[in-house]
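Each chain gets a letter, A, B and so on, in the order the sequences are listed, and its residues count up from 1.
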2 protein chains.
Amino acid sequence: MQKRVIIIGGGFAGINLAKCLAGDSQFKVTLVDKNNYNFFPPLLYQVSTGYLDPSSITYPIRNLFRGKKNFHFWMGDLQEVVPQQKKVILDNGELPYDYLIMATGTQTNFFGLEQLKNHAIPMKTLEDALSMRNVLLQRLEAASRIKDRSERLPWLTMVIGGGGPTGVEISGMFAELRNNTIRKEFPELQDAGARIYLVNGGNELLSPMSKKSQEYALKSLQEMGVEVMLNTRIIDYDGEKVSLKNGKYIRSKNLIWATGVTGIIFKGIPSEAYARGNRLKVNEINKVEGVDSIFSIGDSCIQYTDPAFPEGHPQLAQVAIQQGKNLAKNFKKIEKGEHPKAFRYNDKGSMAIIGSIKAVADIPKPKLHLSGFIAWFIWLFIHLFSLINYRNRIRTFYNWSIEYFTKNQDLRLIIRPSKSVARQEIHETKSEKEHSRI
Amino acid sequence: MQKRVIIIGGGFAGINLAKCLAGDSQFKVTLVDKNNYNFFPPLLYQVSTGYLDPSSITYPIRNLFRGKKNFHFWMGDLQEVVPQQKKVILDNGELPYDYLIMATGTQTNFFGLEQLKNHAIPMKTLEDALSMRNVLLQRLEAASRIKDRSERLPWLTMVIGGGGPTGVEISGMFAELRNNTIRKEFPELQDAGARIYLVNGGNELLSPMSKKSQEYALKSLQEMGVEVMLNTRIIDYDGEKVSLKNGKYIRSKNLIWATGVTGIIFKGIPSEAYARGNRLKVNEINKVEGVDSIFSIGDSCIQYTDPAFPEGHPQLAQVAIQQGKNLAKNFKKIEKGEHPKAFRYNDKGSMAIIGSIKAVADIPKPKLHLSGFIAWFIWLFIHLFSLINYRNRIRTFYNWSIEYFTKNQDLRLIIRPSKSVARQEIHETKSEKEHSRI
């Protein structure tokens, strides 16, 4: 009898688990995701700034598992877990499981600031990135039609909340855009005085990285003209004014929210299973504490059992990938009656890019801090080879080469959902629900 | 004093006119378009079927005119023309003109069938194409979750209304998708009996082409498994049933509407200026009849003064391009006090593609009908070199090569507008209006 493995989430963790189990007929693997594609979050900021096409960093899930007879894809949204009956309830059906794996990742954390949530631009999903590209380009177009300088300024002022890798990367990109594309293609906006603010709550940028990398990032961004505000908290945003905790404010129509993430609470999973940041507490083999047959891997879980990481692992791609692979091995061991192997994270280092030819990299073994062009070069190749398939790599390499040599980012299309799409989709959802069945 | 030239519409006609005037300081050229990009309609069907990325067939307008000091871009939507005051009213400002050029193209013609309009999928804009890709992929995913064969069938049945080039091209693409991608990646849909109907009102496909080409297209599509219904009219569609004039109907959730186009009526232009299909009647130099200083070029106009085309020119890219260039020359002649030159269309032939390795081409001088692989090969190169710039060409050539050798179309991402986009846009539109000024 095949074990029914239901994986919720097709990110790094879920895809790697599914890949290791697909083709092994002991398991019947069903991967559930809201989207029909897998995407590569580290390059999302390049989509949002128009340097890469969505298709360069995405791949259709079904294509990845072509020809694997024990693999199934189900496009759907998890509504509830019913551990007593070992089933999940999706928005369009129900699925029974022997093993359930929550690889559900995280979502943007707005820290309960409702008004801010309504006006800020998040940077977590591919939809977010495309939306950001559209909104910012529309703001530039709108600004180009405003003659009054002070009235125009808030349209052009960019505020980035959060000095982690995403915030640093986006700020650097904006600085480049201002110096290249905007200068060349928006003659109306010459000397408009557009400013870029990077607002960070803590005392340093890229907080989990080394002191050296942090200082290099700060200095580089400042040299590029980004105004970095450390020890500064954003407490509200009404779409016009970014309010800071120190009582000051910045007039801006563009707040990019890259301040942090939080896990997702699902109905049916006992609340005791959640730790800080809504992460699911898991044991050394990633089983969720307090429930049977439910596992969690990647950003959605926290594991206190790795001696090198007593506070839990950082929420990084490498942790997710390694946990996915380890869990697959463990399922196979369990089927053979062998003892599963506790997860240990093999730290491969971390890096962040600053603008188009600088980066910082911390490598643990041998202990190394790299910065500048050489770090950028390494960053480039690591990210290129981490892309999911050959075709994405060529496409991305091509885009990057052109961009590097021409300083010309040409993916600046404002593609807005037409009314008919919205209509189709409402219709779709309704009809789909009517036809739901297992 | 510079002549203020306002061009409404950045399609083939408008862009070619603007290109010929940009750089000539006698003119101050403002190009107005709803979108910030120019796109290549002949390859739209490849975007809608997931064979090409939107960025392969589009290009940002501002980038095309980089460095041209007398060129301005205004992203906006024409609301009204005020010929008495020589100005246009846009949704976000007003612009005065010395010459106004309506290069406004056409829109999908639903022949007043309101219910059909609400449910059918049009194929005219880039948004339409992306929407079609999203909707059809969602239908496939939905179908993959339905176990009952007869209940599932309408989700998989494709009906294409209209046997012109778009209808023929889309039908051929669907036949290929069914035989390749769907067979390989949707194991749930094996032998589901998905059918493709091409419904055409007239007695032949590709009606303006030669008899030979028409017959070849029909035979090829039939061989690929497309059910071609000639002399058949669609009279209604409720999202579930395509009703035909002969009293029969087809159960399908997917009706692609490629039946025809119509011009757009603008407020302020006298109704006498419009001819059949809402096309603006123009004289031999493309000036709209009955109004001063207003011109029309491309699909939006009709010209009865070309001896070789007494009924008006066909609505083709080549006509639009040639009219745009001719009008630019005439503006320059008029400025020099010379006599403008009447427009004469130089027919370069027409072609249509059927599936991925067959096409038909009619070439007038020397009179030639080509079909099959050789016509496809010519089609490929003509379209590749018609793409607006080098970068689009490389990108498209790359995509096509991969597709040709792997039969693997991988641009199957369902990217849906997120709620936050919609919110941003409402906000945007409101704020933009508040700030409108000239």
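Across all their heavy atoms, A:F186 and B:R62 have their closest contact at CE2-NE, 3.0 Å.
By the 6.0 Å contact criterion, NZ on B:K68 is open, its count of non-hydrogen atoms from other residues, nucleotides or ligands being 12 or less. Counted within 6.0 Å of NZ on B:K28, heavy atoms from surrounding residues, nucleotides or ligands total 12 or fewer; the atom is thus considered open.
Checking B:T181 against A:R66 by side-chain atom types alone, no donor-acceptor pair falls below 3.5 Å. Side chains of B:E141 and A:N36: no donor on one and acceptor on the other come within 3.5 Å.
Rounding to the nearest 0.5 angstrom, the gap separating the OG atom in A:S144 from the CH2 atom in B:W74 is 7.5 Å. Between the CZ atom of B:R145 and the NE2 atom of A:H72 there is a distance of 14.5 Å, given to the nearest 0.5 Å.
Neither the backbone nor the side chain of A:F39 has a heavy atom closer than 4.5 Å to any heavy atom of chain B.
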